[in-house]
Amino acid sequence: MKKKFFAGCDIGSTTGKAVIIDENGVVASSIVPREVDPEETAHLALAEAFKAIPDVNTHSDLAYLVGTGYGRSEIPFANENVSEISCHAMGAYYCDPAIKTIVDIGGQDVKGIAVNGDGSVKDFAMNDKCAAGTGRFFEAMARIFRMELSEFSDLSLASKRAIPVTAQCSVFAETEVISLLAQKNPPADIAAGVQGAVAKRCFTLLKRVGVHPTVTITGGCAKNRGLVRELERVLRVEMASLSVDPQIIGALGAAVYAKKKARG
Amino acid sequence: MTAPMTGLAGLCADVRNELIEEAMGRGMIPLGYTCSMVPRALLAVGTLFPVRMRAPGVAGTECADVYLSSVICSYSRSLLEFALDGRYDFLGGWVFVACCDHLRRLCDNLEYNAKPDFSHTLDIPHRGGPAALEWTVEELRRLARAIERHFDVDMGDDAVRAAMVAEGELVDALRELGALRKKPQPPFSGTDYHRVLMAAQSAPPARALELVREFREAMGDASDTAPYRARFLLVGGSLDDPAYTAVIESQGGLVVADRYCTGSYPWLDPVDAGGDPFVALARQVLDGNRCPRMMEGFAQRVNYIVDLAREYAADGVIIQSIKFCDTWGVEASALVTALREAGVPVLRLEREYRQSGEGQLRTRVQAFIESMGK
């Protein structure tokens, strides 16, 4: 009998992610930069993942495909779409069934998600349209510091005393940080202030859904070590590490849904 | 979109729509109002007719922001923007209720910047009871006297009673139309009904009644709403843009019932036109609105929503309010807790007056439907 593959494709605001699973677990994944057209991003992300599976060359070789992310409804060849909130919950649950609370920080929004015992969504809260505290915010900050994003993410770890910065508005925060740098304050302390401000925004969001261990962080910003440390400090909980790249959790959840839906 | 739908969408898209033009062409005078606590019948006497104030298609509030701070709700700021732009110059006047500080500031700034020919503010108590009733009756009579003086129309009991009868026929027709949404597969969507409601609040009651009947006839007994995943009761303050309901329904929701200021509640309750018309209207204002601005009655407001959800077989409740709305901001927080305790799934949404963040709204609604296992 031919082996069945189930895929999830998460079209976010900055990247496209694809995860392919079979009956035993994850067999391939990919992360590609976002194209203007979400459909094209989906094609590229899936094509990248297909490279790892000899039997799969196109989406028609998949048993079922679920789209998610902001571009989820723009993937015409997906069997259906599921919101990224449900997919992050299911993806995290798939990795660790003990997960009860998720903070998902993506390219353009932040979500707090409370997870039921079966991986479904119990409650959720989202930030509004402002980009403050999202991946785009960190990209802008890294540019101000003239650093790569990964370098900026680690900068605050060397801080001795954080300098408070506002994260209520991306534009004001940028202006504030430029002034602090011009005043020759230690970059690590300013960076710690930036991370702390974002962590506090997440705190507000998570308190709306409740913070119940085990807590984890998903989305691209989960790779930001400075932010994770600040979140742990502000929330007074340890962030559980996941067994897969936290950036592909949404796509993984979509793949898990694809498997469930294929079974009917 | 069917022909009646196209017509209705057009009526909702313009603050000075063709029904208003048509009525003005017959010498009728539109009076704007901003709150459900204004008894529409008092604005529909003789040649007058009520128009619910909206700012459809407002692109920004740059001029209004000079006068109203960013923590004033965007509904108030949008109305001021349109007023400063001369978009309401066709109105014969405005009638306000001192219902919240935001609309009071709008009223102040209209006086200051774009003073209408006629402007009146009703002072309605925040509590019920005999003294409040007596006060409200006098407030309504004061409004009637002011209208009579300014527009030279008869505002006697018989004239007001006649307006109440005409308004009653309209609300009866709308109520009957709305009740069709109790069906498992209603003949029209929540967006359609929202459009009917908004059009009906922008025309003389008699003309609006014709419109409702035309719509009802066009719909027939069909059950042609798109397949849906979940039925919703939509709750909250002012919501005059049917496009918002359309986004909810684009995700598989079907809005089958509503309790928001510009929706089918509170103004669709029947009012007995017998007896003293001012007493009947005052009772409606104080007791019928069940508005969160009232200091009492939270339990009744919760029960009303729970009962409505059951009556219309709603799977969940969506509470929407405009950012910085004090009245609904406070009410919504308590409502979420109370409804969840009653076993009703709830989604709480904050929005700007102008439709924006559509993608996020879609995600929230879809996730809400999924969280209900639908």
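Here the structure is a predicted model, which means the values were calculated and not measured. Values reported hereafter were calculated over all heavy atoms of this structure, with side chains retained and with hydrogens, waters and symmetry mates removed. Numbers restart at 1 for each chain; the letters A, B, ... are given by sequence-line order, proteins then strands.
- Most heavy-atom pairs under 4.5 Å with chain A, from the set B/R340, B/R351, B/R362: that is B/R340.
- With a 4.5 angstrom heavy-atom cutoff, A/F124 touches chain B only via side-chain atoms.
- For the atom pair A/R72 CZ and B/T363 OG1, the distance stands at 3.5 Å (nearest 0.5 Å).
- Rounding to the nearest 0.5 angstrom, the gap separating the CD atom in B/Q366 from the OG atom in A/S86 is 7.5 Å.
- Heavy-atom distances place the side chain of B/L347, and not its backbone, under 4.5 Å from chain A.
- Taking each heavy atom of A/V121 and B/S371 in turn, the nearest pair found is O-CB, 3.3 Å.
- At a 4.5 Å heavy-atom cutoff, the contact between A/N81 and chain B is made by backbone and side-chain atoms alike.
- The local environment of NZ in A/K223 is crowded, with over 12 non-hydrogen atoms from other residues, nucleotides or ligands closer than 6.0 Å.
- Residue B/R364 holds its CZ atom at 9.5 Å from NZ of A/K111, rounded to the nearest 0.5 Å.
- Heavy atoms from other residues, nucleotides or ligands lying under 6.0 Å from NZ of A/K200 number 12 at most.
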